[in-house]
Q: 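Can you read through this structure? Questions will come right after.
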Protein chains: 2
Amino acid sequence: MSDHASCLVAKLSNFAELTEDDQRLLARLEEDTRSYPANHTVFRGGEGVDNLYVVKRGWLFSSSALEDGRRQVMMIHNPGDIIGLPHLPFRRSLHDLSTSTPVELCPFPKDSLDTILSRSPRLTALLFAFSMVEQAVLFDRLQAIGRMRARERVCHLLLSLRSRLRLTNDVEKGFSMPLNQTVIGDALGLTNVSVSRVMTGLEQEGVLTRGSSWLWIHSPEELSQHVEFEERYAHLDTSWFPSETSAST
Amino acid sequence: MSDHASCLVAKLSNFAELTEDDQRLLARLEEDTRSYPANHTVFRGGEGVDNLYVVKRGWLFSSSALEDGRRQVMMIHNPGDIIGLPHLPFRRSLHDLSTSTPVELCPFPKDSLDTILSRSPRLTALLFAFSMVEQAVLFDRLQAIGRMRARERVCHLLLSLRSRLRLTNDVEKGFSMPLNQTVIGDALGLTNVSVSRVMTGLEQEGVLTRGSSWLWIHSPEELSQHVEFEERYAHLDTSWFPSETSAST
DNA sequence: CGAGGTGTTGAGTCATTTCAAGTAGAGTGG
DNA sequence: CCACTCTACTTGAAATGACTCAACACCTCG
């Protein structure tokens, strides 16, 4: 929505004002950039991973497969996301990280966080808060998978993706959605076949239009009639954040 | 496993050494104590909640219900847990909080965190890390619900509960498990009926013994043969934590 | 033009749910 | 101490939503 050079700064600025110093701290995370092709595995679960990543461009997802191949997609990552916070307390990565499109990632070492932790309690609070927002989205998906029918699950995910993208993109006239139906199914505890049936149905009913890697939700309000959905990216309560004052250098 | 007065300190001490100052900061969170009876709703989703809670005694769970009553249990809370971090960035609570047993909670205001954020980057990192561990447990349950059969889901949850309890209790010869089958089902995306069938089967096969509100898993290794389960509470990688040095008062 | 990835559609199968009835145990009050 | 009540759990039979299997259509890319 804004003209920040960094998607991360753009995303976070939706929720709290960032000081110059905070922006500098964040900029350090994006000093290095690496490119990966589509359908590429960046790392696998169980590997030692010392880096976190800021997503600069492209779509990725984290997933984990059981021995017999059954796969669960855990998170879907968009530009501005920080990938890897959940792996932080572990020696080995929890999940596979795979690209859906060509991608640019900015890797930075775990240690880089300690500067933020030590120098900017306020930025720490913001990162923590956003991490909790993502957890809230996860809770919502848990409920979708655990307690909703196939059609509801799909509607829920589409609304969720749209609401996340709205932080950095215009989605009113459609948006890029480069996830195939197998990935969508694996995110929702469904098969690609069920996803296909639902999406075909939704398109025939006229609630959405699909292109390849592209989706237009005509009216989110109408789609919301098919499922209980809660917006999580609206406002943050920042009242508990520490004040700006802190150690500096 | 240790003789700390506070379950919270006991739990966190499993993962990192706490300085005197850190322990004092944590003690402040437990100054106030309130009691609630079993099967009581502490707060409901959508209410404004300005407090977080440290669990001192008893079992609780967070859940969320759809309009038609379908309910998803999101988290199960034990002594030593901090309840409410996921609600932090929101004005209104995300979930209902209900007790399964008589409970003692220590409420503390959101604002209390800013002292920790400002004064102890290291403790902040620890709390953040533990929050990510809980998120990892959540990911595991997401996979269980999304991609496992009823029997696997139940085995997974039982192993998960046991491994959590091991942080503060002896579980070798059984442990208290005051969750009825409806709650277990709601945590796993199953009905109470399915849970009953699975548990009855497991008991008949001799892998576990049940009492009312009590469970003995004879051999976790044997139970693990029925499901892929990963221990998440083992060690934390604390290498990225900021050093002790920080502002003080 | 062939290959591979992706999506669609139909028919049959199956795990879990739903519905329903019944048992067991804990707590209460007469 | 015995009904009485309530909640939790069990068990069977029938219903069902999603899965599996399989064939086919479409598109992109080399």
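First the proteins, then the strands, lettered A, B, ... as listed; each starts at 1.
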Q: Within the structure shown, what part of the strands sits under 4.0 Å from G189(B) by heavy-atom distance: base, sugar-phosphate, or nothing?
A: sugar-phosphate
Q: Using whole Å, what does the distance between atom C1' of nucleotide dA18(D) and atom CE of M148(A) come to?
A: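 To the nearest whole Å, that distance equals 17 Å.
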Q: So, do R70(A) and R149(B) sit near enough that their side-chain heavy atoms are less than 4.5 Å apart?
A: yes
Q: Between T191(B) and dT16(C), is there a contact of a side-chain N or O with OP1 or OP2 at under 4.0 Å?
A: no
Q: Report, as yes or no, whether the 6.0 Å neighbourhood of atom CZ on R44(B) holds more than 12 heavy atoms from other residues, nucleotides or ligands.
A: no
Q: May I have the distance from Q204(A) (atom CD) to dT9(C) (atom P), rounded to whole angstrom?
A: 7 Å
Q: Is the distance from OP1 or OP2 of dA8(D) to the nearest side-chain N or O of R210(B) less than 4.0 Å?
A: no
Q: With DNA chain D as reference, determine whether N180(B) or S194(A) sits nearer its 5' end, using the nearest nucleotide of each.
A: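 Looking at DNA chain D, the more 5' nearest nucleotide goes with N180(B).
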Q: Taking only the side-chain nitrogens and oxygens of S196(A), find out if one of them lies under 4.0 Å from OP1 or OP2 of dT8(C).
A: yes
Q: Expressed in angstrom and rounded to an integer, what is the separation of N39(B) atom CG from dG27(C) atom C1'?
A: 14 Å
Q: Just the rounded figure in Å: distance from C1' of dT10(D) to CE of M199(B).
A: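 For the pair M199(B) CE and dT10(D) C1', the rounded distance is 13 Å.
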Q: Tell me, do V198(A) and H226(A) make a side-chain contact under 4.5 Å, heavy atoms counted?
A: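 No - every pair of side-chain heavy atoms lies 4.5 Å or more apart.
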Q: Side-chain contact, heavy-atom cut-off 4.5 Å: N78(B) with V55(B)?
A: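 No. Closest side-chain heavy atoms not under 4.5 Å.
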Q: Any side-chain N or O of Q181(B) below 4.0 angstrom from OP1/OP2 of dT10(D)?
A: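 For dT10(D), OP1/OP2 do have a side-chain N/O of Q181(B) under 4.0 Å.
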Q: Is there a donor on the side chain of R197(A) or the base of dG7(C) sitting less than 3.5 Å from an acceptor on the other?
A: no
Q: Is any side-chain heavy atom of F229(A) less than 4.5 Å from a side-chain heavy atom of C155(A)?
A: no
Q: To the nearest Å, how far apart are R147(B) CZ and dT20(D) C1'?
A: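 Taking CZ of R147(B) and C1' of dT20(D), I get 13 Å after rounding.
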Q: Rounded to whole Å, how long is the line connecting atom CG of L208(A) with atom C1' of dG7(C)?
A: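 My rounded result for the distance is 15 Å.
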Q: What's the CE-C1' distance between M177(A) and dT6(C), to the nearest Å?
A: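 Rounding to the nearest Å, CE of M177(A) and C1' of dT6(C) are 13 Å apart.
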Q: Closest-nucleotide mapping onto DNA chain D: is V195(B) or R149(A) further toward the 5' terminus? I mean the 5' end.
A: V195(B)
Q: Rounded to the Å, how far apart are N192(B) CG and dC6(D) P?
A: 19 Å
